[in-house]
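See structure below.
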Amino acid sequence: MLDSKLLRTHPDRVREALRQRRANVDLDALIGLDETRRRLTTEVETLKAERNQASQEVAQMKRRGEDATARTAELGTLSQRIKALDEELAMIDRQLQELLLTIPNIPHASVPQGEGETDNVEVRRWGTPPQFAFPPKEHWEIGTAHNGLDFETAAKIAGSRFVLLRGWAARLERALINFMLDVHTQEHGYTEVLPPVIVNRDSLVGTGQLPKFEEDLFHLAGTDYYLIPTAEVPVTNIFRDTTLEEAVLPLGLCAFTPCFRSEAGSYGKDTKGIIRQHQFHKVELVRFVHPERSYAELELLVTHAEAILQRLELPYRVVTLCTGDLGFASAKTYDLEVWLPGQAKYREISSCSNFEDFQARRAGIRFRSPGAKKSSLVHTLNGSGLAVGRTMVAILENYQQADGTVRIPTALQPYLGGATTIPFA
RNA sequence: GGAGAGGUGGCCGAGUGAGGACGAAGGCGCUCGCCUGCUAAGCGAGUAUAGGGGCAUACACCUCUAUCGAGGGUUCAAAUCCCUCCCUCUCCGCCA
């Protein structure tokens, strides 16, 4: 959520930012509502002050044993007016809030201009895509060949866009999760948490998925519950409506969770394999930081996610998302894209974002400096560290061999009982 | 799922069947000052958050409003009365 003060003082800045994002928002209506809100607020509060004072008088009269019926009758009409104004104000406030919640964040000045994916800017590459003496296969071919990925059975028990992992694949998934968590907790200073994967509406509003993107979520019928689309939601909301001590910043939490996405509007995309699923696993990194440091923290966060790819010796590149491709709540996002030989493409495997105070304002996440009287909003960041299923995809495709087996990255072997190739028992 | 108890400031805890002086006693903690060889104790003062206005700028000051789990209602006036919901705890049932 944007600061409504910014809207008042620099409407042109907001307007320009929204134009860059290709966001369609009626700013004038919003500014008008805000003005009305403040005017009504002043009016009704003046009346309330009057009423409060008069009520005190009534109390004193009664204490002295005087008759106050004339005075109270008079106050009745005042209260009626207050009530009417309060109702009007509440309505305006609801409208304003509703609108405000649908406005995306303002992109950071360093974010490149652009329409969409193709305008994203490559920042750096790491590693060299492997050369094959044979046509490299796609992950789903490799995975199904060794009976690790079972799409038919998953379709039977759930539907399309689900997978059943068997044997080595299930174990590999588990190994990756442990590996990632170990690196982040032991080397990057994150505290591991394991949150609920079902959350309420308030949490989703707090991180920005709601009210705008309801159709992307799985909603549990007849309840206020939703399946999380990412651990970002429960983990960021740990500190909803909380004021932190400045000394605890930067605070880093990491979490492994399943993630659930309805993938509405993605029909026909990535229908083969496990790139795009209704349920997948992700290790997520979330940071709560001092506003002055959030961009340095973003760079740091990216290196934490990159470390996993580097340990697994998977070639990747880092891109900065352009204004047109930026997520709703983000001010700046780096995507990590891993090389997939089967597709001969770099594909997203992590997304690292600085939300500045956008989520913090929605969720009420603040910090207090030792001397300061007032608290301030923290900046929140998060990034995948990494998407587990896609990491498996990258390993299968990058480490495949002519005989159809797959080498296991050295860093991962200890997590697989020393196995060096897939399939293993 | 059944029965009961309860949610008050950073924490503990009064107040809630007489609705009015209650943003809320008292204590702890914290901050500043005094005192004090040092520490502890003692003494004094202060100590919630958010929003609006004064403002052209400020987290400085003044002022108003709201907030006693949340939302509604009654009333001139609600922490206190009524309704709905949420959460916590205890016992029973069920269950991994």
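Convention: sequence-line order gives letters A, B, ...; per-chain numbering from 1.
- Sorted by first then second residue, the ring-ring contact (aromatic ring centres under 6.0 Å, His included) pairs that include residues 36-67 of chain A, not counting sequence neighbours, number zero.
- Under the Watson-Crick or G-U wobble criterion, with both distances below 3.5 Å, B/C43 is paired with B/G33.
- Each of A/L27, A/D26, A/L33 was scored for a side-chain contact (heavy atoms from CB on, under 4.5 Å) with A/L99, with one residue passing: A/L33.
- B/C85 and B/G69 make up a base pair, with Watson-Crick or G-U wobble contacts both under 3.5 Å.
- Here A/F218 and A/F260 keep their ring centres 6.0 angstrom or further from each other.
- Rounded to an integer number of Å, the gap from CD of A/Q80 to P of B/U74 is 9 Å.
- Here A/S375 reaches the OP1 or OP2 of B/A50: one of its side-chain N or O atoms lies under 4.0 Å away.
- As the counterpart of B/G93, no nucleotide is assigned, since no Watson-Crick or G-U wobble pattern has both distances under 3.5 Å.
- Remark: P of B/G69 and CG of A/D202 are 18 Å apart, rounded to the nearest angstrom.
- In this structure, CZ of A/R362 is placed 20 Å from P of B/A50, rounded to the nearest angstrom.
- If you find the closest nucleotide of RNA chain B to A/T42 and to A/L75, the one lying nearer the 5' end belongs to A/T42.
- Checking A/T207 against A/E232 by side-chain atom types alone, no donor-acceptor pair falls below 3.5 Å.
- The NE2 atom of A/H10 sits 13 Å away from the C1' atom of B/A56 (whole-angstrom rounding).
- The nucleotide whose nearest atom lies closest to any side-chain atom of A/K83 is, among B/C76, B/G52, B/G73, B/G73.
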Give me, pair by pair, the N or O atoms of the protein and of nucleotides 59-65 of chain B that are less than 3.5 Å apart, along with how far apart they are.
residue : atom : partner : partner atom : Å
B/C61   : OP1  : A/K373  : NZ           : 3.4
B/C64   : O2'  : A/E45   : O            : 3.4
B/U65   : OP1  : A/N52   : ND2          : 2.9

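- Contact between the side-chain N/O atoms of A/R37 and the OP1/OP2 oxygens of B/G51 is not found at any separation under 4.0 Å.
- Counting any heavy atom pair closer than 4.0 Å across all strands shown, A/R8 reaches sugar-phosphate atoms only and no base atom.
- Nucleotide B/U67 holds its P atom 10 Å from the CG atom of A/D86, rounded to whole Å.
- With a cut-off of 3.5 Å on both pairing distances, B/U80 has no Watson-Crick or G-U wobble partner at all.
- Looking only at distances, no side-chain donor or acceptor of A/D34 sits under 3.5 Å from a matching main-chain atom of A/L30.
- Between A/R368 and B/G10, a side-chain N or O to OP1/OP2 separation shorter than 4.0 Å is absent.
- Here the separation of B/C55 from B/U63, taken at their P atoms, is 16 Å to the nearest Å.
- Here the P atom of nucleotide B/G52 and the CG atom of A/D34 are 8 Å apart, to the nearest Å.
- Among A/T391, A/T257, A/V388, the one residue that satisfies the side-chain contact (heavy atoms from CB on, under 4.5 Å) test with A/H281 is A/V388.
- To the nearest whole angstrom, the two P atoms, one in B/G69 and one in B/C64, are 25 Å apart.
- Using a 4.0 Å heavy-atom cutoff across all strands shown, A/R366 reaches sugar-phosphate atoms only and no base atom.
- Among the protein residues, A/R51 comes within range of the sugar-phosphate backbone only, with heavy atoms under 4.0 Å from sugar or phosphate atoms but none that close to a base.
- Closest to the side chain of A/K62, out of B/G20, B/G52, B/A77, is B/G20.
- Contact annotation: A/S79 reaches the phosphate of B/A77 (side-chain N/O to OP1 or OP2, under 4.0 Å).
- Rounding to whole angstrom units, CG of residue A/L40 and P of B/G53 are separated by 13 Å.
- Under the Watson-Crick or G-U wobble criterion, with both distances below 3.5 Å, B/C55 has no partner in any strand shown.
- A/S350 approaches A/S384 most closely through the heavy-atom pair OG-O, 2.6 Å.
- B/C22 is unpaired under the criterion used here, namely a Watson-Crick or G-U wobble arrangement in which both key atom distances are under 3.5 Å.
- Nucleotides B/G4 and B/C95 are separated by 22 Å at their C1' atoms, to the nearest Å.
- Taking the C1' atom of each, B/C35 and B/G42 are spaced 8 Å apart, rounded to whole Å.
- Both distances falling under 3.5 Å, in either a Watson-Crick or a G-U wobble arrangement, place B/G15 opposite B/U8.
- Minimum atom distance to the side chain of A/A59 is reached by B/G20, of the listed B/G20, B/A21, B/G52.
- Taking the P atoms as reference points, B/A79 lies 13 Å from B/G17, given to the whole Å.
- B/U80 sits 37 Å from B/G93 when the P atoms are compared, rounded to a whole Å.
- The gap from the C1' atom of B/C76 to that of B/G19 amounts to 12 Å, rounded to the nearest Å.
- B/G10 and B/A78 have their C1' atoms separated by 26 Å, with the value rounded to a whole Å.
- The base-pairing partner of B/U74, taking Watson-Crick or G-U wobble contacts with both distances under 3.5 Å, does not exist among the strands shown.
- A donor and an acceptor atom, one from each side chain of A/S330 and A/N105, are nowhere located under 3.5 Å apart.
- In this structure, the side chain of A/E263 does not engage the main chain of A/R276 through any donor-acceptor pair within 3.5 Å.
- Environment of CZ in A/R8: crowded, with over 12 heavy atoms of neighbouring residues, nucleotides or ligands closer than 6.0 Å.
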